[in-house]
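One structure below.
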Amino acid sequence: MKQITQTGTTVENAISEALEKLQVKREETHIKIIQEEKKGFFGFGAKKAEVEVTVIEKTPLPEKEKTDKTAETAAEIKETSQMLPEKEGEEEEIPAVSNEQAIQETKNYIQSIAKGMKIEDLSITHEQRGKKVDFYLESEKVAMLIGKRGQTLNSLQQLAQLVANKYSNQFMMVQLDAENYRERRQETLEQLADRMADKAIRTGGRVQFEPMPSYERKVIHQALSRRLDIDTYSEGKDPNRYLVIEPHK
């Protein structure tokens with residue numbers, strides 16, 4: 001069994017480093033969060049995030065037997081056993097921790113953050129598609145949860161994903177949205193991408209975006225993928241990683 005313990009400035013950074021070292025995809029591993037990052041107070045007491053990444057064995061499993069294994073082992077067995085044909089009359093093994101609990105714990109966490117911001121009327125609904133779960137936030141003070149250029153919403157989303165994966169029996173990708181902000185932000189980024197690309201062609205030099213999350217950089221990459229006159233790439237390390245556009249040579 002291939003396994004690695006990795007530290008990083010954030011949980012996502014530590015996971016990315018571990019996946020790169022193991023040369024595997026995220027869905028081919030089981031990820032255990034040992035410690036979440038702590039910023040500390042004015043730099044004191046800060047701690048790096050630490051994760052344990054285990055490569056899931058792809059060898060066929062023997063016939064299911066009753067077991068007293070821990071929740072972590074039970075989750076691995078369930079994920080691997082999905083590749084095997086179901087036997088007639090055999091009941092599906094119940095995971096030690098359910099995704100329903102992970103979703104509810106995530107909602108509880110978001111509600112606790114909102115109450116700390118004096119937001120008492122927050123309503124949260126969700127939609128799950130495979131490993132991706134979208135949470136929709138509604139409140140008269142929802143602008144406070146979005147923040148400038150979505151910074152508050154992005155930070156809350158990152159924390160919500162940590163909570164979800166703490167309780168989930170498999171990796172979950174969490175996205176938070178409020179007042180259809182994500183769609184409006186995507187339209188803004190696509191328009192910005194075209195303007196910046198035109199600027200790179202007009203000036204003949206590189207243009208640089210401000211640091212943004214990976215999924216926002218992906219929106220810009222996709223928006224400009226049809227253009228053959230420019231190249232796009234990312235530089236820096238999260239959370240300060242940014243996208244660059246240059247005229248194609």
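Here the structure is a predicted model, which means the values were calculated and not measured. Residue numbers run from 1 in the order of the sequence given.
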Does [X] come within less than 4.0 Å of [Y], counting only side-chain N to carboxylate O?
| X | Y | result |
| --- | --- | --- |
| D177 | R185 | no |
| R226 | D194 | yes |
| E210 | R149 | yes |

When hydrophobic residues are tied together by side-chain contacts of less than 4.5 Å, even through go-betweens, does [X] share a cluster with [Y]?
| X | Y | value |
| --- | --- | --- |
| F209 | Y233 | no |
| V142 | L153 | no |
| V244 | V207 | no |

How far does [atom1] of [X] sit from [atom2] of [Y], to the nearest 0.5 angstrom?
| X | Y | atom1 | atom2 | answer |
| --- | --- | --- | --- | --- |
| I33 | E52 | CD1 | CD | 12.0 Å |
| R184 | T188 | CZ | OG1 | 8.0 Å |
| Y136 | R182 | OH | CZ | 11.5 Å |
| L176 | L159 | CG | CG | 10.0 Å |
| M212 | S234 | CE | OG | 9.0 Å |
| E105 | E100 | CD | CD | 12.5 Å |

Should [X] and [Y] count as side-chain neighbours, where that means a heavy-atom distance under 4.5 Å?
| X | Y | value |
| --- | --- | --- |
| L156 | I110 | yes |
| I113 | M117 | yes |
| K115 | L122 | no |
| M144 | T152 | no |
| I56 | T54 | no |
| I201 | R227 | yes |
| L243 | H221 | yes |
| Q158 | T10 | yes |

Side-chain donor-acceptor pair under 3.5 Å between [X] and [Y], yes or no?
| X | Y | value |
| --- | --- | --- |
| H248 | D231 | yes |
| Q104 | N108 | yes |
| E187 | Q191 | no |

Please confirm whether the backbone N or O of [Y] pairs with a side-chain atom of [X], one donor and one acceptor, at under 3.5 Å?
| X | Y | result |
| --- | --- | --- |
| K132 | Q175 | no |
| R206 | I245 | no |
| T29 | I31 | no |
| Q161 | M173 | no |
| E50 | Q35 | no |
| Y181 | I146 | no |
| D121 | E140 | yes |
| E190 | V219 | no |
| S168 | N165 | no |
| E12 | A14 | no |

Would you name the heavy atoms of [X] and [Y] that are closest together and state the gap between them?
| X | Y | value |
| --- | --- | --- |
| V11 | A49 | N-CB, 3.5 Å |
| G204 | P247 | C-CG, 3.8 Å |
| N13 | G8 | OD1-CA, 3.5 Å |
| M172 | A164 | SD-O, 4.2 Å |

Here's a test for you: under side chain to side chain donor-acceptor pair (under 3.5 Å), which of H126, Q128, R129 qualifies with D134?
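Checked H126, Q128, R129 against D134; only one passes side chain to side chain donor-acceptor pair (under 3.5 Å): R129.
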
Could you walk me through whether L224 and I230 pass the side chain to side chain contact (heavy atoms under 4.5 Å, CB included) test, one step at a time?
CA-CA 8 Å; L224 297 178; I230 51 95; 3.9 Å; yes

Look at atom CZ of R26 and say whether more than 12 heavy atoms of other residues, nucleotides or ligands are closer to it than 6.0 Å.
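Count over threshold, so yes.
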
Around K237, counting heavy atoms of other residues, nucleotides and ligands shown, do more than 12 lie under 6.0 Å from its NZ?
no

Please assess Y215 against Q157 for the test side chain to side chain contact (heavy atoms under 4.5 Å, CB included), listing each intermediate value before the final yes or no.
CA-CA 12 Å; Y215 57 86; Q157 176 175 289; 3.3 Å; yes

Please lay out, stage by stage, how Y242 and E235 fare under the test side chain to side chain donor-acceptor pair (under 3.5 Å).
CA-CA 6 Å; Y242 55 89; E235 288 185 345; 2.8 Å; yes

